Amino acid sequence: MDFRQAVAKKVSELTELDLESVNRLIEIPPQEDMGDFAFPCFALAKTMRKAPNMIASDLASSDKLQESWLSKVEAKGPYLNFFVDRGAFANEIISDVLSKGTTYGQSEEGSGKTVIVEFSSPNIAKPFHVGHAFTTILGHSLSRIYEKLGYKVVRMNHLGDYGTQFGKLITAYRLWGDESALEKDPITELLRIYVKFHEEEKNDPELTTSARENFKKLEDGCEEEVALWQKFRDMSLVVFEQLYKRMGVTFDNYNGESYYAKMADQVVSMLKEKNLLVESEGAQVVDLEEYGVPPCIILKSDGTTIYGTRDIAAILYRDEKYHFDKNIYVVGIPQALHFKQVFSTLKKAGYECADKCEHVGFGLVKFQNMKFSTRDGNIVLLEDLLNESVAKTYELIKANAETRNSDMSDEELREIAEKVGLGAVVYTYVKAGRERDIVFSWDTMLDFEGDTAPYLIYTYARTRSILRKAKEQGFTPAASGSDLLNKLSGDEEFACVKTIADLPDAIKKAAASNEPFMVSRAVAQIARSFNRFYNNCSILGGDDAELKTARLSLCEAVCDAIETGTYLLGISVVEQM
RNA sequence: GUCCACGUAGCUCAGCAGGAUAGAGCGACCGCCUCCUAAGCGGUAGGCCGGAGGUUCGAAUCCCCUCGUGGACGCCA
């Protein structure tokens, strides 16, 4: 049973307000001692022509509020406060988690629906820095969250593999390229010649011409140019895929811009047919005044297509192929206007799928006041950040292992360090609302205390450790549905159960708002409430064997909940650390 | 100039389809390991929720104005 629903139903019966509006009004009291659910009576004041305080106290005295699952209902000022029966509540929630394990929080709301998540989308031949991590981590997490809710998710990596810069790269490679360096470390080598190109270009206009010609050849499908481009693309992808594999990130396809470029002509003819193209300063654009946005450029004045055209082509392609119910773009906020233009253009052309597209923007990753810039060289590679984090974690757990006389092998220590170290980095990207900027600092990235992934993982590991010890001593958790679970009614136990109960709703909200931090916040609350319990009550130490098994069930449920939540964020837990 | 975000504790952030005494984490200070992992826990200090007005029984939350910061404003993506 759902306690909130039950309370709403009760209020609805007492007041003759419909269930839905009661549900909207019900809130969680700000203080623990005010109860678990509250119904504010202001809304009734007008119709009943009575003071809210009076209404609340009248309602509180109703004998219809005698229920086994309610321990107390009292009026406090204008509020009607409900206290659930702690034992019954704990039993309900913990039983649910124990029976579901890490499928806890799963739902069918997305069953039969397809959502496309476009994310990561790095540029070929460019280094993958901590800025790219934002879209990668967010998109990965959102994909898992949607899957949890039953959606079919298609992960798309819209690679930046098209454009004039490839003409430049081809020219540069032919002049200064080093084959062996390319084999060894492709991105570094490609970046080196790319930077050199820009330096030399200032004094040598012929380079510009050559680059333009090479891009033209590439577009026209000239064999040698295409082969080089393919080589740069393949080699870059190998590097990216190593990183993705390390982070557990997967994609259903890597159809980049070049893939959709082929379809751009169809977009042009479609828009032309519908008489939506108008000439403006030499370019062909779609006027979007009725949508309150500047025109969308479809053809540049030289007659070639632009990225907006390719984005439109991509949407039409995806609509046809996947019949998506949602098509989300995990791309930085600076591109908000661009997406508005693209979606509005489709809308104007009469495509319903335009309304199913959504830009999920996120803030900037920056150094104090500077923006990351490949050209200026003030970037931090994601790989370096991960390595630092893992290295620091390794030192910590190695020291811990020594003081605790643990028998973990060095290999095990490194495995744990990898998971915890990566988790720490991932968490810094999903701990706050996505539209917030992240000011990059080694100190915060490598801070493992407080609201961090290591804190969550640590809580999990410590709890697993208790469960292991209990097993050695012959104690096992009380089973789902056992009456013993009603014993979990102490203040700390109850508070912890409540945080676990909140997780499924947090997952739904995370999907609805495309905000993974709804999940990270919920998991952090579970960990915090459990640690409070852990510090106040001895789980294995007590004399009451029944209470002990009930508490072990709470441990088990906490582990399931943390593992569920961290998985959705793209963070792995470890059994000990 | 136009448009869009944001401005909450020293710092990083929650809270904002209006509601009870505005919450966390970090940092600071003070405590807690003969006891299940101290990457933990408790406590103290710290707020005219950028400013002014309006709507309302009630505003951090909604509206208007203002200041500040950041971003976007056609042939790059």
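The structure displayed is predicted, hence computed values, not measured ones. Labels below follow one simple rule: chain letters A, B, ... track the order of the sequence lines, proteins then strands, and each chain is numbered from 1.
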Please state how far atom [atom1] in [X] lies from atom [atom2] in [N], giving the value in whole angstrom units.
| X | N | atom1 | atom2 | result |
| --- | --- | --- | --- | --- |
| Lys509(A) | C16(B) | NZ | P | 8 Å |
| Glu575(A) | U37(B) | CD | P | 14 Å |
| Tyr427(A) | C13(B) | OH | P | 14 Å |
| Lys431(A) | C11(B) | NZ | C1' | 11 Å |

Base, sugar-phosphate alone, or nothing: which one does [X] contact when heavy atoms must sit under 4.0 Å apart?
| X | answer |
| --- | --- |
| Arg532(A) | sugar-phosphate |
| Ala45(A) | nothing |
| Asp451(A) | sugar-phosphate |
| Asn81(A) | base |
| Asn400(A) | base |
| Pro30(A) | base |

Which listed nucleotide ([options]) is nearest to the side chain of [X]?
| X | options | value |
| --- | --- | --- |
| Ala38(A) | A39(B), A20(B), C36(B) | A20(B) |
| Lys76(A) | A14(B), A20(B), U37(B) | A20(B) |
| Arg462(A) | A39(B), G40(B), C36(B) | G40(B) |
| Phe42(A) | A20(B), A38(B), C57(B) | C57(B) |
| Ile539(A) | C36(B), U37(B), C6(B) | C36(B) |
| Arg404(A) | C41(B), U37(B), G23(B) | U37(B) |
| Arg521(A) | U21(B), A39(B), G15(B) | G15(B) |

Main-chain N/O of [Y] paired with [X] side-chain donor or acceptor, under 3.5 Å:
| X | Y | value |
| --- | --- | --- |
| Asp161(A) | Glu257(A) | yes |
| Asn535(A) | Asn531(A) | yes |
| Arg468(A) | Glu575(A) | yes |
| Ser280(A) | Ala283(A) | no |
| Ser553(A) | Ala478(A) | yes |

### Message
Can you check the distance between C64(B) and C6(B), where both ends of the measurement are the P atom (answer in whole Å)?
### Response
14 Å
### Message
Can you tell whether the side chains of Glu290(A) and Lys348(A) come within less than 4.0 Å, N to carboxylate O?
### Response
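So Glu290(A) pairs with Lys348(A) through a salt bridge.
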### Query
Which label fits C62(B), syn or anti, where anti is any glycosidic angle not within 90° of 0?
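You should classify C62(B) as anti.
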Please tabulate, one pair per line, all N/O donor-acceptor pairs under 3.5 Å involving side-chain atoms of residues 29-36 of chain A, not counting sequence neighbours.
residue: Asp36(A); atom: OD1; partner: Lys498(A); partner atom: NZ; Å: 2.8
residue: Asp36(A); atom: OD2; partner: Val84(A); partner atom: N; Å: 2.8

Give each protein N/O atom lying under 3.5 Å from an N/O atom of nucleotides 73-77 of chain B, with the pair distance.
residue: G74(B); atom: O6; partner: Glu281(A); partner atom: OE2; Å: 2.7
residue: G74(B); atom: N1; partner: Ser280(A); partner atom: OG; Å: 2.7
residue: G74(B); atom: N2; partner: Ser280(A); partner atom: OG; Å: 3.4
residue: C75(B); atom: O2; partner: Ser301(A); partner atom: N; Å: 2.6
residue: C75(B); atom: O2; partner: Ser301(A); partner atom: OG; Å: 3.1
residue: C75(B); atom: N3; partner: Ser301(A); partner atom: OG; Å: 3.2
residue: C75(B); atom: N4; partner: Glu281(A); partner atom: O; Å: 2.4
residue: C76(B); atom: OP2; partner: Lys300(A); partner atom: NZ; Å: 3.3
residue: A77(B); atom: OP1; partner: Arg310(A); partner atom: NH2; Å: 2.5
residue: A77(B); atom: OP2; partner: Tyr307(A); partner atom: N; Å: 3.2
residue: A77(B); atom: O3'; partner: Glu257(A); partner atom: OE1; Å: 2.6
residue: A77(B); atom: O3'; partner: Glu257(A); partner atom: OE2; Å: 2.5
residue: A77(B); atom: N7; partner: Tyr307(A); partner atom: OH; Å: 2.7
residue: A77(B); atom: N6; partner: Tyr307(A); partner atom: OH; Å: 2.4

#### Entry: 5' precedence on RNA chain B between Gln31(A) and Met577(A) (nearest-nucleotide basis)
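Here Gln31(A) is the residue nearer the 5' end.
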### Task
Tell me whether the centres of the aromatic rings in Phe166(A) and Phe232(A) are closer together than 6.0 Å.
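Centroid separation for Phe166(A) and Phe232(A): 6.0 Å or greater.
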### Message
Ring centres under 6.0 Å, that's the criterion: do Phe517(A) and Tyr429(A) meet it?
### Response
no
### Query
Under a cut-off of 3.5 Å for both distances of each Watson-Crick or G-U pair, what dot-bracket string does RNA chain B give, using [ ] for crossing pairs and | for inter-strand pairs?
(((((((..((((.....[...)))).(((((.......))))).....((.((..]....)).)))))))))....
### Message
Is there a ring pair (Phe, Tyr, Trp, His ring centres under 6.0 Å) between Phe362(A) and Phe119(A)? Walk through the geometry before answering.
### Response
CA-CA 12 Å; Phe362(A) 55 84; Phe119(A) 68 106; over 10 Å; no
